[in-house]
Number of protein chains: 2
Amino acid sequence: MTELTGLPLFAGMDEKTVAEQMTALRGQKAQISKGSVLIREGEKTERCGILLSGQLQGQQINEDGALSVITTLSAGMMFGEILIFSDHPAPVTLTAVTDCRVLWLGPVDLARADARLIRNLLSIIGKEYWALHQKIRYCAIVSLRKRIYAYLSDREKEAGKEFTLPFDRNGMAAYLNADRSALSRELSRMKTDGILEYHKNQFRLTGKGL
Amino acid sequence: MTELTGLPLFAGMDEKTVAEQMTALRGQKAQISKGSVLIREGEKTERCGILLSGQLQGQQINEDGALSVITTLSAGMMFGEILIFSDHPAPVTLTAVTDCRVLWLGPVDLARADARLIRNLLSIIGKEYWALHQKIRYCAIVSLRKRIYAYLSDREKEAGKEFTLPFDRNGMAAYLNADRSALSRELSRMKTDGILEYHKNQFRLTGKGL
DNA sequence: TATAATCGGTTGCCGTGGCAACAAAATCAG
DNA sequence: CTGATTTTGTTGCCACGGCAACCGATTATA
C-alpha cells in the first residue's frame, strides 16, 4: 500500500485518504507477462491503470502494416485514463515490453473522488497530452537529421548530458517515423560529422550543434 | 445564458445548475477580432475557454519556420482545458481565423465543480486527445497519396459523401505535413485517376479506392 | 476600375530517404 | 561451444516529394 502514496495520482494525499480513494477507483493489482496486450487499438477503453513496475509501449499500426511507436511508459505512469470517460476507441495498442506489475482502476466512481485526486488526474493528462504534441512536433520536421537532432536535444535537456533512450533502433525509428536503416545511416553520418556520440541506446551530444 | 446549456461542457445539466457552475468556473464572455492570438505557444496556460462563434486554428512553428496546423476549432468547442491544470507550456498558438465570440473560463475552482461537469470535461478532453492521435496516424503514412486519402476518407465517414474541409490549401498542406505545391500536384493526379473530385475545399470521393 | 495581395495550379530540378538485401555483431537456447 | 535468432550497421538504387519559380484566377483596398 505504501508504494501507492508515491504515485503522481495520489500526490499530496495521506495514506488514509489514498486508501479511501482506492475504493472509489476500484483498484486491483495484477501481474502482466511480457508481450501481453493491455489495451487494444480500436476497442473501447473500459478501465485504466498505473504501471507499478516494468515497461509498456503504445503503438499504432497503419493500413500498410507500418508500425509507429507513440509512447513508452515506465514505472509510475498511468495509461488509459484519458479515454475512459469518453466513448472513443483506443488509438494505440498498449503492449508489455517486459514483465510488469499493474494497478488496474475502474470503473471509476467520480462522485466519490477527492478534488485533489481530480486535480492530479488532470495534471497527469496534461502531461501526456503535451508529450503527444512533442511527437507531433518531431513529425513535422522534414529533414531526418534535424528530426533526430530535435528529439535528442530534448532528451538531453530533460535527462542530462549523457542519456539512455527507452528504445532499441527499431523503436526509435518507429517513434521518429523513419526507416530503421535510414536512421542508422543518418546516425553514423552525424557521428562522423562530430555532432554526437553513441553506443547502442546510450547517447551524448557533443554540443557542436546542427 | 440559454446558449450555454447546449454546450458539451454543460450537457445533461439544467439551467439553474449551469448558472451555479458558471460562478465556479468564473465564466466571462468576450469579443475576439480576426487574427488575434488567444493562446501563445510556449507560454503557460492560465485559463481556458469555449468558442461560441467563429473559427480558431491551432498552429505550431518549428525551428525552420515551417508552419504546422494541428487543429481547427468551430463553435461549441473548448480550448486550453487540458493544460490548465498542469504546468506545461502551451504546445500550440491559437489564432482567430475569423471574428469570434469566446466564453473565457478560469481560474477554475474544482472543489465547487459538479461531478457531471467533471465527467463532461473528461469526455471533451478524451475527444481532443483522440483527434490528436488521428493527426499522428496521418503523419505516420509515408506516401503522400495514401496520407491524403486516409484523411479524406475519415472526413467522408464523419461528414458524408460530399464534404467541405475547414482549411484552404495552405492549411490543408500544413495539417498533412506536406508541401502545398506537392499537395496540389497529388490532388490533381488523384482527380485524373478518378479517385476523387473537388472544387476549392469541397470534396467527394468516387469510391474507386486507393 | 486600377492595383495589390492572396490563393490555387503547374512544372522542372534534384536531394533525401524509403526499400531491399546483405553483413557483422550481439544475444539466446540447447 | 555451437547453431539459431535478434539487433545493428552498410550500401546501391531510384522514386517521391520538397523547393523554387511562375502564371492565372479570385478577392481585397483604394
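Convention: sequence-line order gives letters A, B, ...; per-chain numbering from 1.
- Between the side chain of A/Trp104 and the main chain of A/Lys29, no donor-acceptor pair closer than 3.5 Å is present.
- Here the P atom of nucleotide C/dG18 and the CD1 atom of A/Ile148 are 10 Å apart, to the nearest Å.
- Side-chain N/O atoms of A/Lys200 include one lying less than 4.0 angstrom from OP1 or OP2 on C/dT27.
- Atom CZ of B/Arg40 sits in a sparse spot, with 12 or fewer heavy atoms from other residues, nucleotides or ligands closer than 6.0 Å.
- Atom CG in A/Asn201 sits about 14 Å away from atom P in C/dA26, given to the nearest Å.
- A salt bridge links B/Lys161 to B/Glu156: one of the charged nitrogens lies within less than 4.0 Å of a carboxylate oxygen.
- Remark: B/Arg137 engages A/Glu41 in a salt bridge, criterion side-chain N to carboxylate O under 4.0 Å.
- At distances below 3.5 Å, not a single donor-acceptor pair connects side-chain atoms of A/Thr45 with backbone N or O atoms of A/Arg47.
- For the pair A/Ile141 CD1 and D/dG17 C1', the computed distance is 18 Å after rounding to whole Å.
- Near DNA chain C, meaning a heavy atom under 4.0 Å from it, residues 177-189 of chain B has B/Arg180, B/Ser181, B/Ser184, B/Arg185, B/Ser188 in order of number.
- Between the P atom of C/dA5 and the CG atom of B/Asn170 lies a distance of 17 Å, rounded to the nearest Å.
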Extract all donor-acceptor atom pairs below 3.5 Å that involve side chains of residues 68-80 of chain B and protein atoms in other chains or at least two apart in sequence.
none

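- Of the possible donor and acceptor atoms, one in the side chain of B/Asn120 sits under 3.5 Å from a partner among the backbone N and O of B/Ala11.
- Summarising the local packing, CD of A/Gln134 is surrounded by more than 12 heavy atoms from other residues, nucleotides or ligands at distances under 6.0 Å.
- As a whole-Å value, the separation of B/Leu165 CG from C/dC7 C1' is 16 Å.
- Atom-to-atom, CZ of A/Arg169 to C1' of C/dA24 comes out at 15 Å; the value is rounded to the nearest Å.
- Looking at which nucleotide of DNA chain C each of A/Arg145 and A/His199 is closest to, the 5′-most match is held by A/Arg145.
- When the nucleotides C/dT27, D/dT8, C/dG17 are ranked by their closest atom to the side chain of A/Leu144, C/dG17 comes out on top.
- Between the side chains of A/Tyr138 and A/Asp154, a donor-acceptor pair is found at a separation under 3.5 Å.
- Taking atom CG of A/Leu176 as the reference point, atom C1' of C/dG17 lies 14 Å away to the nearest angstrom.
- Using five terminal pairs a side, the axes of the helix from C/dT1-D/dA30 to C/dG30-D/dC1 at its two ends make an angle of 60°, given in steps of 10 degrees.
- To the nearest angstrom, P of D/dT8 lies 11 Å from OH of A/Tyr198.
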